[in-house]
Amino acid sequence: MSTPTLDKHSAALDAAENGAAHLIKVTFRIRRFNPEVSEDASWQDFELEIDPKERVLDALHKIKWDQDGTLTFRRSCAHGICGSDAMRINGKNRLACKTLIKDINPQKPITVEAIKGLTVLKDLVVDMDPFFQAYRDVMPFLITKGNEPTRERRQSAEDRERFDDTTKCILCAACTSSCPVFWNDGQYFGPAAIVNAHRFIFDSRDEGGEQRLEILNDKDGVWRCRTTFNCTDACPRGIEVTKAIQEVKRALITRRF
Amino acid sequence: MKIHKYDTVIVGAGGAGMRAAIESTKRSRTAVLTKLYPTRSHTGAAQGGMAAALANVEEDNWEWHTFDTIKGGDYLVDQDAAEILAKEAIDSVLDLEKMGLPFNRTPDGTIDQRRFGGHSRNHGEAPVRRSCYASDRTGHMILQTLYQNCVKEGVEFFNEFYVLDLLMQDVDGVKKSAGVVAYELATGEIHVFQAKAIIFASGGTGKFFKVTSNAHTLTGDGQAAAYRRGLPLEDMEFFQFHPTGIWRMGILLTEGARGEGGILRNKDGERFMEKYAPVMKDLASRDVVSRSIYTEIREGRGCGPDGDHVYLDLTHLPPEQLDAKLPDITEFARTYLGIEPYTDPIPIQPTAHYAMGGIPTNVEGEVLADNTTVVPGLYAAGEVACVSVHGANRLGTNSLLDINVFGRRAGIAAAEYSADAEYVELPEDPARLVVDQVERLRTSTGTERVATLRTELQECMDANVMVFRTEQTIKTAVEKIAELRERYRNVSIQDKGKRFNTDLLEAIELGNLLDLAEVMAVSALARKESRGGHYREDYPNRDDVNFMRHTMAYREVGADGSESIRLDYKPVVQTRYQPMERKY
């Protein structure tokens, strides 16, 4: 048998293994909107007892399941991979399932509202169609010429690494809906679409880079970016969004990618 | 009510649905209906890889892969289907690469491969590198790549359309599918989709468990719709518990972590898998590892103040390796547990992960109405289906493979069928069942709440039909589910509106979970043996004499309207592998 290696426990591990719930009282201040009921949006407070180690999504579920079944939001995987539950929590775009209550100061009311720049349909649910349209517009698929190889295309580990960061995108819209340019002008492609263009422009296997760059050279394209870094801050996958946009801009000038 | 007409309708837009759509859109007018947006599907949560005997890094071949799949499934696998799975795996992976999937690469630029549970060299000699992967986000990359190619092919999606019913007609004594009925979440409107061919690819049903790696939305909608229309469900007692879910949360930590060298340890720091699986150790099949973990816990060697979990130890692996190969799961440990996996072991427990059973199909993806009769025009692929390539226990990396191989097959077969077929006439008032169901829930003044019933169901399933089962625990579950089904008739919701009524959606989903939980428990009660993911402490051995057969569960409705489950059995297809005792 192999030697035990786990004699020392860190304080963090001890805390993680402490299963006892320490409930605290938290107020959630949620932006409600339902045009079936009223044309006006309004804030509504919900108080609940919850363990601060739980997610904001857990709190929203508790409210929906125990207090008000009409509270409406999208969610699916609950661990930050499906991209359903981007929302504005305490003024910042985050995924509700990746935000723990203890990390956002539960002493004060926690505000939750829909992401900005997309039409709110009900409570925290927005119209995602313009967002996905911008994504489709950048031709987000591998474009190649000539005959297909019999086996896989070869790609060096370095070439693969070149676009790794932008393959992580889960299309949650946290970046695009944090962008002040997008708020003011819904025609702008927005960071997420550019990230997904980047993912292919810098893929050594792809031969459609020029076409995508021309699309992004448009007046609503990459030049609208004002480098405010909101998108990078907002990305729940840690993608360096602004850097990716800068790389696309540079590629447009140098035509080298 | 709106009526739409398509050649082919696909229900679900995860890996299987989109892989099918790419094929069927090229060949027929296709609509894809999904209750989410395509990129939200749970294929995206798969992590470790997709098996294929590419032999890029060491000797391997598809015959070894076939054997491992059959052995992994404890010989309940249909061997003709497993052979197709393993053989077509190679092209399946290459197809994805050509579609753009960014696999990790070997130094010479080919697709890199790593070890995974139950995959071995030469029929069990030693672990083999068979899993093709993209970091620990292979499912994400597959889902994105398939969606990208759907965009390229111009696949027509109906997003947030929730399919609630399958329309079946009797045509000259033959059961045929005529279409599906969907509820549009945004408006509350009901849509009927008439189609010559229908493919169910709506995913799993793990949400009837409490600790699960499954998304909130995995509620067995396709299985339930088929079952209610008289189609059988196969092998529903076989559910996989993945060994390494984050303790209490159930969030998946890939088996790839052990493929990269991670080790399971008990409170004494002991590498306990050496006792249970001397050759494959931490890379034994998932059912074996999950039982071993619970054995450690039951015998007092669990970790933490309550001794109710064990550790996944990655601390001996170089941080660069974790960053390159396992970045997402190490981040999950940081985010959700607040620990640093470079230096801390990760508290884990088995988590309800995957339904081996489902809607029975043949290898073309055609749905079976009984042991042999095909339902013309009706197909299923992915976790909703049971081909059966997974038998009593699925091997890791074989599900991403399954959705690609059988998604593709179903897409081609359905489109070819709809090219020549005529529409089956819709039944009179085709949406009646759905309209009644929706209106009943929306106007009910009952006193039961969805969340309460769902919590009771999940706690009952975790306590009674998880890794260890006995006659008594299963009977407890059967009784509790019956009680919950009765109380469900008295359920009401608070949201009475039409717009994005997720309160209503959850109520409907609960109804599906209750139906399927009952099928699972009743099927499990009748299987008086232990095989793969179904472990009966009162019958601890595999019994090939009496139970080398698939369970087929049918819903029966009596003259008085009473419902019951009738169990029948289907032979296992065996070709070249004789059942042997399973050792790892």
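All chains are named by letter (A, B, ...) in the order of the sequence lines, taking the proteins before the strands, and each is independently numbered beginning at 1.
For A:Glu148, the part lying under 4.5 angstrom from a heavy atom of chain B is the side chain only. Contacts of B:Leu36 with chain A are made by side-chain atoms alone, with heavy-atom separations under 4.5 Å and no backbone atom involved. Looking at B:Ile493, neither its backbone nor its side chain comes within 4.5 Å of chain A, counting heavy atoms on both sides. Residue B:Leu101 touches chain A through its backbone alone, counting heavy-atom pairs closer than 4.5 Å. Neither the backbone nor the side chain of A:Thr99 comes within contact range of chain B, judged by heavy atoms closer than 4.5 Å. For B:Phe500, the parts lying under 4.5 angstrom from a heavy atom of chain A are both the backbone and the side chain. Both the backbone and the side chain of A:Met128 come within contact range of chain B, judged by heavy atoms closer than 4.5 Å. When heavy atoms are compared at a cutoff of 4.5 Å, A:Arg160 approaches chain B solely by way of its side chain, counted from C-beta outward. With a 4.5 Å cut-off on non-hydrogen atoms, B:His309 touches chain A through its side chain but not through its backbone. Proximity to chain A (any heavy atom under 4.5 Å) is restricted, for B:Tyr147, to the side chain, taken from C-beta onward. The parts of B:Lys498 that come within reach of chain A are both its backbone and its side chain, each placing non-hydrogen atoms under 4.5 angstrom from that chain. Interface remark: A:Ile143 contributes no atoms to any contact with chain B (heavy atom separation under 4.5 Å). Using a 4.5 Å cut-off between heavy atoms, A:Leu100 touches chain B through its side chain atoms alone. Of the atoms belonging to A:Arg153, heavy atoms from both backbone and side chain fall under 4.5 Å from chain B. Using a 4.5 Å cut-off between heavy atoms, B:Asp112 does not touch chain A at all.
At a cut-off of 3.5 Å, with distance as the only test, a side-chain donor of B:Tyr311 or A:Glu17 sits close to an acceptor on the other residue. Side-chain atoms of A:Glu152 and B:Asn56 include a donor-acceptor pair closer than 3.5 Å.
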For the pair A:Thr144 and B:Lys98, evaluate side chain to side chain contact (heavy atoms under 4.5 Å, CB included) and give the outcome as yes or no after the intermediate values.
CA-CA 9 Å; A:Thr144 57; B:Lys98 288 166 196 171; over 6 Å; no
Kindly indicate, with the supporting measurements, whether the criterion side chain to side chain contact (heavy atoms under 4.5 Å, CB included) is fulfilled by B:Glu97 and A:Arg205.
CA-CA 10 Å; B:Glu97 197 283 332; A:Arg205 300 169 297 172; 2.9 Å; yes
Mind running side chain to side chain contact (heavy atoms under 4.5 Å, CB included) on A:Thr72 and B:Asp495 for me, showing each step along the way?
CA-CA 10 Å; A:Thr72 302; B:Asp495 194 337; 4.2 Å; yes
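The CZ atom of A:Phe141 sits 9.5 Å away from the CD atom of B:Gln148 when rounded to the nearest 0.5 Å. Atoms CD and CZ, on B:Glu160 and A:Arg74 in that order, are 4.0 Å from each other to the nearest 0.5 Å.
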Can you give me every donor-acceptor pair (side chain of residues 78-87 of chain A, partner residue at least two apart or in another chain, under 3.5 Å) with its distance?
{"from": "A:His79", "atom 1": "ND1", "to": "A:Cys77", "atom 2": "O", "distance (Å)": "3.2"}
{"from": "A:Asp85", "atom 1": "OD2", "to": "A:Cys97", "atom 2": "N", "distance (Å)": "2.9"}

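For B:Tyr37, the ring pair (Phe, Tyr, Trp, His ring centres under 6.0 Å) partners two or more places apart in sequence, or in a different chain, are A:Phe132. Taking the side chain to side chain contact (heavy atoms under 4.5 Å, CB included) definition, one finds that A:Ala12 meets it with A:Ser10, B:Ile339, B:Asp344, sequence neighbours left out.
Without hydrogens or angle criteria, B:Arg499 side chain to A:Asn34 main chain gives no donor-acceptor distance under 3.5 Å. No donor-acceptor pair under 3.5 Å is formed between the side chain of A:Lys53 and the backbone N or O of B:Tyr336.
No salt bridge links A:Lys168 with B:Asp328; every basic N to acidic carboxylate O contact stays at or beyond 4.0 Å. A salt bridge does not link B:Arg248 with A:Glu54: every distance from a Lys NZ or Arg NE/NH1/NH2 to an Asp or Glu carboxylate oxygen is 4.0 Å or more. With salt bridges taken as basic N to acidic carboxylate O contacts below 4.0 Å, none links B:Lys496 and A:Glu36.
For a heavy-atom cut-off of 4.5 Å, chain B lies close to A:His61, A:Lys64, A:Trp65, A:Asp66, A:Gln67, A:Asp68 in residues 60-68 of chain A.
Contact detail for B:Gln144 and A:Ile170: the closest heavy-atom pair is NE2-CA, 4.3 Å.
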